[in-house]
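Indexing begins at 1, ligand by ligand and atom by atom, following the structure's order. Atoms considered below: every heavy atom in the structure, side chains included; atoms not considered: hydrogens, waters and symmetry mates.
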Amino acid sequence: MKHVQITVRPDQRLFPTAPSLYGIFIEEINHAGDGGLLAELVQNRRFRDSELPPRCHWRDSTLTSPSGWTSPFPSRPGSVPGWTWSGVSECPWTLGIDGLTVRVSTGAPVQLVNEGFWGIPLLQGAEYRFRYRFATALSGRFTVSLKDPEGRPLASADLEPGASTEGGVSLVCSETCDVATLVLNFSVPGVYTLDYVSLFPVATWKNRPEGLRRDLVQTLADLQPRFLRFPGGCFVEGFSIETASRWKKTLGDVRDRDGQWTLWHYRTTNGLGFHEYLQLAEDLAMEPLFVVNCGLTCQGRPGEQVPVDELDEWVQDMLDAVEYANGDPSSPWGSLRALAGHPEPFGLRWIEIGNENFGLPYNERYRIFFDALKSKYPKIETIFNVHWEVGTETKGLPVEIVDEHFYPDGEYLRLYHNLYDTYDRSGPKVYVGEYAQLAGNQGATLAGALNEAAFMTGMERNQDLVVLSSYAPLLAHVRHAVWNPDLIYFDGTSVRLTPSYHVQRLFGTHRGDFVVPLELSGPTQVFEARGQLTIESRFIEQTVDLALDGLSVSARDDEWGLSHWGSLDATKYTVSGRLRIGTSGVKIRFLDRGGLWDQQNYFQWELEPGESRLVHIGGWSRAKPVPSEPLSLDPHQWYDFEILVDSGNLRCLLGGRVVHDHRIPSIPVVFGVATSSPSTHEVIIKVVNTGVESVCLDWNSRCPFSKTPGRAIVLDAAGLREEVWESPASKPYVLGGQTLVIFRHCLL
Ligand code: AHR
């Protein structure tokens with residue numbers, strides 16, 4: 001068995017832990033909100049789920065956005081997803097802007113049936129609140145029933161609205177059924193236009209009317225998260241101006257809220273709106289972190305931009321959001337919060353300006369939003385996006401916190417476990433706003449969770465810099481998981497916690513007050529430094545006289561606009577030639593393993609007018625293994641360049657000068673981090689073995705452990721358990737393969 005030497009010095013405090021390091025991020029993706037957290041049981045309650053977003057086109061179940069992005073839009077425009085009818089032979093309804101108009105003829109009752117979100121789950125004896133609204137007053141009566149798949153009624157009520165267009169009734173269910181339907185039966189002849197139908201369990205989180213699902217909120221509460229980032233993600237960006245998330249559309253009576261089509265292939269009712277998010281944050285003692293759209297839709301899809309001189313309304317939206325959340329109840333927006341039942345401020349603490357935005361369009365908009373926010377609310381802390389500019393390259397902008405996202409493979413998470421060890425401490429703080437092992441982890445595996453844990457040891461070790469983090473995505477309905485892995489999977493009746501969930505909970509609930517030194521030496525793995533040379537076609541004309549020593553095969557200009565040289569297994573080669581950076585810069589990939597999108601893995605030399613960068617792309621992640629070099633280059637001049645690749649030794653030369661010289665380090669198998677808690681007089685040590693073999697942990701005897709046994713909280717393939725941990729100073733610990741252990745022990 002291999003040995004790992006571990007030395008912890010709990011008597012030496014490096015710096016205090018970041019109180020808000022672990023939070024959660026809720027986005028309307030995977031039906032996390034509608035059909036998920038929001039306890040609404042009726043699907044398509046406002047009959048708008050097939051409404052096309054403005055300026056978009058539909059064909060063959062595909063939506064094309066104004067900028068040409070295509071995505072699934074399963075329902076035919078004009079259809080009524082979630083609803084069916086029975087009782088008559090011809091379709092009895094038409095869909096219009098007022099809602100769903102149903103025609104009932106004499107002697108031909110019509111039933112409207114809602115299937116819920118893949119079935120309506122009902123519990124015996126539980127009470128459900130049915131609500132409805134018609135566009136015009138209804139003469140006569142109708143019946144509401146809850147039925148099992150055989151059509152047997154489990155609850156039923158007759159309703160006679162009279163002069164009123166709206167109403168409701170409580171239904172108590174006679175039997176448990178996981179896949180019931182809601183049935184409205186109209187037997188009185190006439191024409192009825194329904195514009196709202198809703199069914200909620202009365203037993204919601206804190207019994208709030210039309211509130212959130214108890215079981216799901218409880219899983220979030222168990223993480224003990226310190227902050228809540230919401231409501232996205234790409235959801236905030238949208239794929240067109242009209243599908244961008246606008247918080248003002250999410251206020252007030254849920255029956256009147258405008259929903260919108262999301263870029264995650266379904267429509268949201270916005271029932272989980274700005275107020276509900278703030279309330280959830282308060283309920284779970286989380287500080288709110290609100291992400292605003294800064295006038296850019298998702299730039300990767302590709303985006304639309306609100307012209308800079310038309311941004312006032314968007315900037316004002318952000319300022320009004322702060323006033324709604326924190327303002328005095330006598331202020332215009334604060335008064336709406338009070339009207340919604342919450343006169344006290346919610347304590348919105350952070351505003352993130354945009355999500356995954358980048359480049360010049362972002363930088364200029366960021367500055368406008370930042371200045372407006374800081375001049376009115378100087379205490380609100382701001383967060384900057386660096387999706388494609390990872391590091392502290394904030395281009396001379398005033399930046400307090402940068403949000404970095406990582407969706408790579410497991411090797412990448414382990415390789416960059418120490419990414420933050422060398423970050424510039426004089427720059428902004430870091431928020432790791434989204435991360436998860438993506439490639440090779442679609443099934444949310446234990447191996448993936450442990451690779452994430454390895455990366456998290458690096459975040460914990462650098463809590464003087466990394467002050468916030470959140471796994472993503474958080475929630476997924478098993479019937480609509482458009483993004484995998486997710487932290488928590490659910491259906492109508494059950495919740496599945498992934499290994500990553502347990503890692504998050506263990507890291508979030510075993511904190512300490514000070515980070516203390518931990519040294520660990522053990523087995524390592526070699527990074528597989530292999531792959532071809534790739535140049536995007538748009539850069540080819542900026543690179544001439546290419547001489548390729550060690551690379552022979554070439555494939556020019558594939559369907560993605562990439563030209564490749566050499567094999568995917570090439571480990572040693574030299575590329576030289578001349579390049580001209582022009583105004584857009586030049587990017588050259590090497591050690592390119594040939595994967596696309598979430599599978600991609602390559603190094604890239606990026607030359608821009610002001611600087612040179614060596615970056616490593618892995619899936620949807622980007623890390624800088626070496627600091628950037630400031631360079632003053634003439635965009636129109638040709639420069640000699642050379643790239644030398646030799647089994648993990650990488651060198652980039654420009655004009656004969658070495659600009660980057662990097663040796664890809666070997667990758668540890670075992671990772672650790674330690675904190676101390678003076679209040680409980682404990683040391684808390686997290687050790688992650690990502691390898692499949694057991695290792696023997698040899699504790700350095702200088703650890704001043706007390707004689708009383710400690711605790712070892714173990715997560716491995718057998719599950720989660722707690723063990724007694726005795727005499728660590730004298731007794732090695734056998735750490736099983738693919739295991740996370742949190743050791744807690746009192747000190748002398
Ligand atoms: O978490 C899923 C998506 O990943 C988020 O919406 C986006 O920010 C990122 O690209």
Side-chain angles (χ1 to χ4, degrees), residues 23-34 36-37 65 69 71 220 225 228-240 243-245 260-266 268 272 277 289-294 296-303 350-359 362 383-390 401-409 412-413 430-439 441-442 444 448 452 455 468-477 480-489 498 500-501 504 596-600 617-622:
I24 55 172
F25 162 43
I26 301 181
E27 169 167 24
E28 185 58 90
I29 179 174
N30 305 319
H31 276 283
D34 279 295
L37 270 175
S65 80
W69 182 66
S71 69
L220 306 185
L228 170 64
R229 177 186 190 232
F230 68 95
C234 296
F235 172 77
V236 166
E237 301 167 89
F239 55 81
S240 61
T243 53
S245 164
Q260 83 254 12
W261 189 254
T262 73
L263 40 59
W264 301 120
H265 320 157
Y266 60 97
T268 172
L272 177 58
Y277 273 117
L289 187 168
F290 179 51
V291 185
V292 296
N293 185 306
C294 62
L296 291 172
T297 72
C298 181
Q299 288 164 280
R301 274 180 166 93
W350 295 279
I351 291 272
E352 179 161 358
I353 300 172
N355 172 70
E356 291 191 349
N357 296 131
F358 56 87
Y362 175 59
I383 299 176
F384 176 82
N385 298 169
V386 282
H387 189 47
W388 293 115
E389 296 176 281
V390 168
I401 303 173
V402 292
D403 177 3
E404 302 188 349
H405 296 177
F406 299 92
Y407 290 112
D409 60 25
Y412 190 100
L413 284 172
V430 172
Y431 169 31
V432 183
E434 298 181 25
Y435 67 99
Q437 180 184 329
L438 200 59
N441 192 30
Q442 301 300 287
E452 289 153 11
F455 188 70
L468 301 164
S469 70
S470 44
Y471 182 99
L474 184 70
L475 290 156
H477 195 296
H480 192 94
V482 294
W483 183 295
N484 290 292
D486 303 281
L487 201 65
I488 301 163
Y489 289 87
T498 61
S500 295
Y501 175 90
Q504 291 292 320
L596 279 173
W597 317 130
D598 56 321
Q599 308 285 326
Q600 59 195 348
I617 309 290
W620 303 121
S621 323
R622 192 173 148 96

Under a heavy-atom criterion of less than 4.0 Å, does Pro473 contact ligand 1? yes
Do Glu452 and Ser500 pair up side chain to side chain, a donor and an acceptor below 3.5 Å, judged on atom types alone? yes
Who's closest to atom 1 (O) of ligand 1 heavy-atom-wise, of Phe235, Trp483, Tyr407, Trp264? Tyr407
Residue Cys234 vicinity, atoms of ligand 1 by number, heavy atom under 4.0 Å: 5 (C), 6 (O), 7 (C), 8 (O), 10 (O)
Close aromatic pair by centroid cut-off 6.0 Å: Phe290 and Phe230: yes
Just jot down the side chain to side chain donor-acceptor pair (under 3.5 Å) partners of Thr498, sequence neighbours excluded, or say none. none
Against heavy atoms of Glu356, which atoms of ligand 1 measure under 4.0 Å? 7 (C), 8 (O), 9 (C), 10 (O)
Please identify each residue that fulfils side chain to side chain donor-acceptor pair (under 3.5 Å) with Glu434, with sequence neighbours left out. Arg229, Tyr407
